[in-house]
**Q** 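Just passing along the structure, written as structure tokens.
Heavy atoms only: backbone and side chains are in, while hydrogens, waters and symmetry mates are out. Just so it is clear: chains get the letters A, B, ... in the order the sequence lines come, proteins before strands, and each one is counted from 1.
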Amino acid sequence: MSTSSQPQFRYTQTPSKVLHLRNLPWECTEEELVELCKPFGKIVNTKCNVGANRNQAFVEFADLNQAISMVSYYASSSEPAQVRGKTVYIQYSNRHEIVNNKSPGDTPGNVLLVTIEGVEANDVTIETIHLVFSAFGFVHKIATFEKAAGFQALIQFTDAETASSARNALDGRSIPRYLLPEHVTSCHLRISYSAHTDLNIKFQSHRSRDYTNPFLPVNPTAMEGLMQPVVGPDGKKQEPQSNVLLASIENMQYAVTVDVLHTVFSAFGTVQKIAIFEKNGGTQALIQYPDVTTAAVAKEALEGHCIYDGGYCKLHLSYSRHTDLNVKAYSDKSRDYTISDPSLLAAQVPGLPAAPNVWQNPQAAPLYPGTDYAASAAMQAQPPPGQVPAWDPNLQARPPYGSVPGTVPSQSYQSSSVPTYVNAATPSGSSPLSQPGVSLMRMPQPGVNVRPGGAPVPGQPPYYGQ
DNA sequence: AGCACA
């Protein structure tokens with residue numbers, strides 16, 4: 001429609017609250033910009049380090065007249081606008097507001113997210129990090145972890161001002177060489193702000209510190225040694241074992257709920273906590289057991305198995321670096337079964353007699369006398385009044401980690417007193433769960449109120465913690 | 001020295 005939209009140059013520029021500044025010194029800071037512009041009015045937004053050379057910037061005034069006054073002043077001034085002795089050229093921007101593209105990491109807060117590039121986690125101790133960042137103020141807490149981005153640390157200061165001074169001074173810089181092992185050639189710090197305001201440090205360890213609480217217990221399993229990588233017989237690095245399993249769920253055609261995971265993983269011992277989250281477009285879950293042994297048994301047993309028939313929701317298990325999950329007690333993505341609020345533990349159905357704790361030692365399970373086994377199966381197959389067990393109690397009753405054909409009395413739990421929910425695809429009498437790739441749960445059915453976790457777990461007295 | 005960002 002309009003006949004022309006030619007670029008607007010100096011003689012035709014219309015005034016704007018937003019000014020475009022160029023020929024700034026390299027990586028001019030926001031503070032320097034504000035110093036230059038604030039005599040003319042209130043600055044409501046800035047954008048620094050713009051352009052390929054990162055030497056341009058935008059400044060938005062609260063009022064158009066303030067921008068006009070700055071442009072007019074320097075248009076007639078004998079002294080040009082300067083930053084660090086460099087002449088700065090100022091024009092009206094061709095836009096009328098700065099679109100705030102500040103990522104969350106640029107929103108100041110008292111906690112910094114520091115990525116230490118080019119190092120292994122073992123190269124930089126938490127003491128070194130503490131030393132470096134303490135130069136700017138009291139460091140309250142540090143938590144370190146390894147992510148895809150590399151070795152990272154969250155560092156909590158008293159306030160955003162202290163955190164900012166540390167960020168401004170250290171972002172892009174390196175930790176002094178004398179604080180690092182000799183083989184480290186470079187270790188640039190990339191620093192942004194975390195959205196956290198208060199880190200939840202549970203233990204003093206080589207990964208995390210709370211300097212405000214010297215009496216915080218030391219976590220023995222998180223200290224040097226146990227959590228270090230173990231070299232296996234093949235010479236490859238083995239994952240250090242953990243009481244927390246990381247489950248990646250492949251081919252997730254059906255929703256996998258906290259309840260479903262609880263049912264599946266409780267077959268091996270008390271599940272203390274569960275957290276489900278998305279990562280790299282897939283679904284993962286952390287499942288916390290009280291001890292490494294239980295986790296190891298569950299890992300061996302469940303690796304490669306599918307939660308549902310037909311290859312759906314295949315589990316891949318590894319050890320997590322976590323030892324104690326910090327999860328919401330009751331949400332759709334997490335559960336803390338160690339919390340003793342009964343209103344949150346309806347799924348545990350207290351009041352049912354605790355069955356003998358036969359599932360704690362899965363190695364022994366196939367050897368159990370048929371009578372005990374049947375009794376146990378029958379007990380857990382009784383649905384609570386008014387409830388329909390939505391998983392297959394027959395499958396649940398069998399140890400999914402390698403039932404040995406012939407040793408499990410398959411007749412006893414097909415008896416008439418036990419309702420059967422055998423999947424049509426599973427021929428009865430076979431031993432489907434001895435092979436990876438077969439289901440651990442009954443298929444979810446559309447339109448049915450599926451409550452896989454709605455009944456007690458075999459042999460698992462509810463764990464209420466202390 | 002000459003207009004950003006997803």
Side-chain angles (χ1 to χ4, degrees), chain A residues 1-109 112-115 117 147-150 152 160 163-164 167-168 171-172 188-195 277-282:
Chain A
M1 301 296 184
S2 84
T3 51
S4 72
S5 56
Q6 292 153 4
Q8 306 233 305
F9 289 109
R10 93 179 72 193
Y11 300 110
T12 55
Q13 273 197 320
T14 53
S16 165
K17 287 189 307 211
V18 182
L19 299 183
H20 176 225
L21 296 83
R22 56 200 155 79
N23 202 36
L24 291 160
W26 182 75
E27 296 204 341
C28 167
T29 65
E30 184 180 32
E31 287 72 23
E32 288 171 308
L33 273 186
V34 170
E35 283 306 309
L36 177 68
C37 302
K38 76 177 181 195
F40 301 94
K42 183 174 188 218
I43 295 147
V44 295
N45 210 347
T46 65
K47 187 182 260 304
C48 317
N49 304 325
V50 166
N53 297 327
R54 297 170 67 82
N55 61 353
Q56 301 175 43
F58 296 91
V59 172
E60 181 177 340
F61 283 99
D63 190 86
L64 178 63
N65 290 329
Q66 298 168 346
I68 292 172
S69 74
M70 183 165 183
V71 170
S72 316
Y73 176 83
Y74 284 112
S76 58
S77 167
S78 54
E79 291 287 310
Q82 289 188 329
V83 172
R84 291 187 227 163
K86 269 196 96 179
T87 297
V88 176
Y89 299 87
I90 302 170
Q91 292 176 285
Y92 299 113
S93 172
N94 54 23
R95 301 193 198 177
H96 287 84
E97 63 179 344
I98 292 176
V99 299
N100 207 352
N101 279 319
K102 272 187 181 168
S103 62
D106 289 328
T107 308
L112 295 178
L113 172 63
V114 179
T115 303
E117 297 174 338
K147 277 271 180 80
Q152 296 190 308
S164 295
R167 183 180 118 118
N168 291 336
D171 191 16
H188 292 288
L189 301 173
R190 290 283 166 238
I191 306 180
S192 60
Y193 296 101
S194 164
F277 56 95
E278 298 293 317
K279 184 154 183 187
N280 304 331

**Q** Please name all residues satisfying salt bridge (charged side-chain N to carboxylate O under 4.0 Å, His left out) with A/R95, sequence neighbours left out, ordered by chain then number.
**A** none
**Q** Separation of A/H96 atom NE2 from B/dA4 atom P, in whole Å?
**A** 16 Å
**Q** Please tabulate, for the side chains in residues 68-75 of chain A, all donor-acceptor contacts under 3.5 angstrom to protein atoms that are two or more places apart in sequence or on a different chain.
**A**
unit_1: A/S69; atom_1: OG; unit_2: A/Q66; atom_2: O; d: 2.7
unit_1: A/S72; atom_1: OG; unit_2: A/I68; atom_2: O; d: 2.5

**Q** What is the separation between atom CG on A/N45 and atom P on B/dC3, rounded to the nearest whole Å?
**A** 20 Å
**Q** Using atom NE2 of A/H20 as one end and atom P of B/dC5 as the other, report the distance to the nearest whole Å.
**A** 11 Å
**Q** Which of these nucleotides, B/dC5, B/dG2, B/dC3, is closest to any side-chain atom of A/R95?
**A** B/dC5
**Q** Using heavy-atom distances to pick each residue's nearest nucleotide on DNA chain B, tell me which of A/V99 and A/N23 is more 5'.
**A** A/N23
**Q** By a strict heavy-atom criterion of less than 4.0 Å, which residues belonging to residues 46-67 of chain A are in contact with DNA chain B?
**A** A/K47, A/V50, A/Q56, A/F58
**Q** Got a sec, which residues hit salt bridge (charged side-chain N to carboxylate O under 4.0 Å, His left out) with A/D63, two or more places apart in sequence or on another chain?
**A** none
**Q** What is the separation between atom CG on A/D106 and atom C1' on B/dC5, rounded to the nearest whole Å?
**A** 12 Å
**Q** Could you report the tightest heavy-atom contact between A/I191 and A/D171, atom names first, then the distance?
**A** N-OD1, 3.0 Å
**Q** To the nearest Å, give me how far apart CD (A/E97) and C1' (B/dC5) are.
**A** 12 Å
**Q** Quickly work out the A/L19 CG to B/dG2 P distance and round it to whole Å.
**A** 17 Å
**Q** Mind checking what makes salt bridge (charged side-chain N to carboxylate O under 4.0 Å, His left out) contact with A/E31, not counting sequence neighbours?
**A** none
**Q** Per the side chain to side chain donor-acceptor pair (under 3.5 Å) rule, what does the pair list look like for residues 36-52 of chain A, sequence neighbours excluded?
**A** A/E30-A/T46, A/E35-A/K38
